[in-house]
Each structure stands twice: as C-alpha cells, then as structure tokens.
Visitor: 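A single structure is presented below for examination.
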Amino acid sequence: MDSRDVFPYQVVRDYDLFPLLTEEEVVGRVRQMSAQISEDYAGKNPILLCVLKGAYVFCSDLSRAMTIPHEMEFVKLSSYQGQQSSGEVQEHFLTHIPAERPVIIVEDIADTGTTIKYLAERLRSLGVTDLCIATLLRKPDQYRVEEEIAYVGFDIANRFVVGYGLDYMGYGRGLRAVYEMIDKNLGR
Ligand code: IMP
Ligand code: MG
C-alpha cells in the first residue's frame, strides 16, 4: 500500500508525502521515553493525560512500554484548522483528574505551545501541582510559551507532518511512520 492511499483524492492530488521518521525510529524512541518516565516516576503512580485526538497512538505505545503502575485519563482539545493553528483552544471534554496525583500531559506535537499552555493552566486551576509534559514531536522554532517540556521525542523543522496519530483534515492518523506533507505547487 502506498501511504497516500489513506487520503482522499483531493489531498493525494495536491500533496506529496515525504518520510520523516520511520516506524522503527519512532517506536524505539517511545520505548526510551517510557523507560525514562518509568524511572523518574517510580513509586509515584502518575496519571498519563492523553490529549485527543492526536496523541492516542503515542500515549498507547508509551503506556504499554511503561514498567510502573500508572493510570490514563483523557482530554479532547482542538486548535487547528487544516494546517494552521487558530490560536484559540477549544476544550470538548476532560475526564476526572484527582488534584493530588502527578499528571503527565501526553501530546502528539508541540507547535506554538498554545495547546500545552492552555492545558497546563487548566490543570493548575483544578489544583494539580505535580505536572509535566511529554510530547512525541516539537517544532522548536514555533514554540513561544514558557511551559517547559520534560520529555521530547524528536525536534523537527517547521513542516506539517502526519502519521502515528497526527492528521491532516482528519486523515492519515493510522500511518505507522511520520511523514512530511509537501504541497506540490509550493514545494517545501
Ligand atoms: P499548538 O497549540 O500550536 O502547539 O498546536 C498543537 C496542536 O496542533 C497539536 O496537538 C496538533 O493537534 C496540531 N498540530 C500542530 N502541528 C501539526 C502538524 O504538523 N501535523 C498535525 N497536527 C499538528
Ligand atoms: Mg493534538
């Protein structure tokens, strides 16, 4: 199967997909992150807070490689329209977060940081004091908030990527590797 087969015709016609990270690279790095988090949080019984939709694959692999007790909660946020951050975060739901527990926010990608900042502030307003952030990807040139990210899988250039949970217009989340989307008319 060509990786583009999962996209509708319109997208296939307008974009090329360039492999950025292989499945092996991603899975290997996620295992390292799990090992690190398991070491850092031993005896602490943390909550992994999965930021839907994009982080569902990362969070699932992260959780399954962890070697310590932990629980999983979910929040659904959105800020993107197509390939642009709207700058405004919408919260659709947040499952129960006990304030006394350590929380690890699990994000697919930190772009401007707007989403992470929103969520960190929201959790603090609920009384959470032990809080950190884990993200599979980060675009360092775009990041413009103060929130520190404790665990970063890969720093990438400011390009739009899909796969391993990340989507374009809702498509491409099931791809096992991470691909850069290149507009055929504009190039990179
Ligand atoms: P931020 O609030 O600007 O940091 O954007 C973060 C959110 O935008 C992520 O949780 C993703 O859902 C989405 N996003 C940012 N960059 C990309 C990308 O390259 N591909 C797919 N989604 C992205
Ligand atoms: Mg997301």
Side-chain angles (χ1 to χ4, degrees), residues 3-4 6-8 10-12 14-23 25-26 29-30 33 48-62 72-94 103-124 131-184 186-188:
S3 53
R4 288 174 305 167
V6 300
F7 290 96
Q10 180 80 30
V11 177
V12 174
D14 293 344
Y15 292 92
D16 276 328
L17 284 185
F18 176 80
L20 191 65
L21 300 166
T22 65
E23 180 180 1
E25 285 173 318
V26 174
R29 182 74 184 114
V30 173
M33 295 173 85
L48 298 187
L49 177 56
C50 176
V51 185
L52 297 172
K53 298 176 189 170
Y56 76 105
V57 180
F58 173 44
C59 198
S60 152
D61 282 355
L62 197 66
M72 187 104 71
E73 296 293 342
F74 298 90
V75 60
K76 184 174 180 215
L77 303 173
S78 56
S79 66
Y80 253 60
Q81 285 154 344
Q83 292 196 15
Q84 287 300 315
S85 177
S86 69
E88 227 173 85
V89 180
Q90 286 179 341
E91 182 180 312
H92 305 280
F93 61 78
L94 171 63
V103 176
I104 304 169
I105 293 175
V106 181
E107 252 288 31
D108 52 357
I109 187 164
D111 185 15
T112 62
T114 312
T115 306
I116 280 169
K117 180 166 188 265
Y118 168 88
L119 187 53
E121 284 174 358
R122 174 86 162 92
L123 292 169
R124 285 188 204 109
L131 183 64
C132 87
I133 299 158
T135 187
L136 178 71
L137 306 172
R138 174 174 63 182
K139 298 178 185 171
D141 294 346
Q142 293 280 100
Y143 198 70
R144 55 179 73 106
V145 300
E146 295 294 309
E147 297 295 338
E148 208 179 297
I149 304 185
Y151 306 96
V152 178
F154 302 89
D155 275 324
I156 63 167
N158 182 22
R159 307 261 162 70
F160 196 82
V161 294
V162 292
Y164 200 73
L166 292 112
D167 72 304
Y168 174 60
M169 308 284 277
Y171 295 92
R173 297 190 193 275
L175 295 169
R176 303 178 76 95
V178 174
Y179 299 84
E180 191 183 312
M181 288 190 73
I182 299 161
D183 190 318
K184 284 181 184 166
L186 302 175
R188 273 196 190 150

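One-based numbering, in listed order, for ligands and for the atoms of each. Computed from a predicted model, the values in this text were never measured in an experiment. Excluded from the calculations below are hydrogen atoms, water molecules and symmetry mates; all remaining heavy atoms, backbone and side chain alike, are included. All residue numbers refer to positions in the sequence shown, counting from 1.
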Visitor: With a cutoff of 4.0 Å, is K117 in contact with ligand 1, counting heavy atoms of the residue only?
Guide: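 No, K117 has no heavy atom closer than 4.0 Å to ligand 1.
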Visitor: Within the structure, is a non-hydrogen atom of Q142 found at a distance of less than 4.0 Å from ligand 1?
Guide: no
Visitor: Is the F58 ring parallel, tilted or perpendicular to the Y164 ring (thresholds 30°, 60°)?
Guide: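 Tilted: the ring planes of F58 and Y164 meet at 30° to 60°.
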Visitor: Is there at least one pair of N or O atoms, one from A110 and one from ligand 1, spaced under 3.5 Å apart?
Guide: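 So ligand 1 has no N or O lying under 3.5 Å from an N or O of A110.
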Visitor: One residue to check: L166. Relative to ligand 1, which of side chain, backbone, both or neither has a non-hydrogen atom less than 4.0 Å away?
Guide: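 Side chain only; the backbone of L166 stays clear of ligand 1.
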Visitor: Between R124 and E147, does at least one N-O distance fall below 4.0 Å, as a salt bridge requires?
Guide: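 Salt bridge present between R124 and E147.
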Visitor: For the backbone of L166 and the side chain of K53, can you confirm whether one donor and one acceptor N or O come within less than 3.5 Å of each other?
Guide: no
Visitor: Heavy atoms, side chains only, cut-off 4.5 Å: are V178 and V26 in contact?
Guide: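 Side-chain contact under 4.5 Å: yes.
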Visitor: Before signing off on this row, confirm whether D167 and ligand 1 have an N or O atom pair separated by under 3.5 Å.
Guide: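 The answer is no, given that D167 and ligand 1 share no N or O pair closer than 3.5 Å.
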Visitor: Taking salt bridge (Lys or Arg N to Asp or Glu O under 4.0 Å) as the test, write out the residues that go with E25, two or more places apart.
Guide: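 With sequence neighbours excluded, E25 shows a salt bridge (Lys or Arg N to Asp or Glu O under 4.0 Å) to no residue whatsoever.
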Visitor: Pick whichever of T135, V51, D108 has a heavy atom sitting closest to atom 10 (O) of ligand 1.
Guide: D108
Visitor: If you measure every N/O of F160 against every N/O of ligand 1, is any gap under 3.5 Å?
Guide: no
Visitor: Does at least one non-hydrogen atom of G54 fall below 4.0 angstrom from an atom of ligand 1?
Guide: no
Visitor: With a 4.0 Å cut-off on heavy atoms, is V162 touching ligand 1?
Guide: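 V162 does not count as a contact of ligand 1 under the 4.0 Å cut-off.
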Visitor: Keeping the roles fixed (side chain from K139, backbone from R159), state whether a donor-acceptor pair exists under 3.5 Å.
Guide: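 Yes, the answer is positive, given that a donor and an acceptor are paired below the 3.5 Å cut-off.
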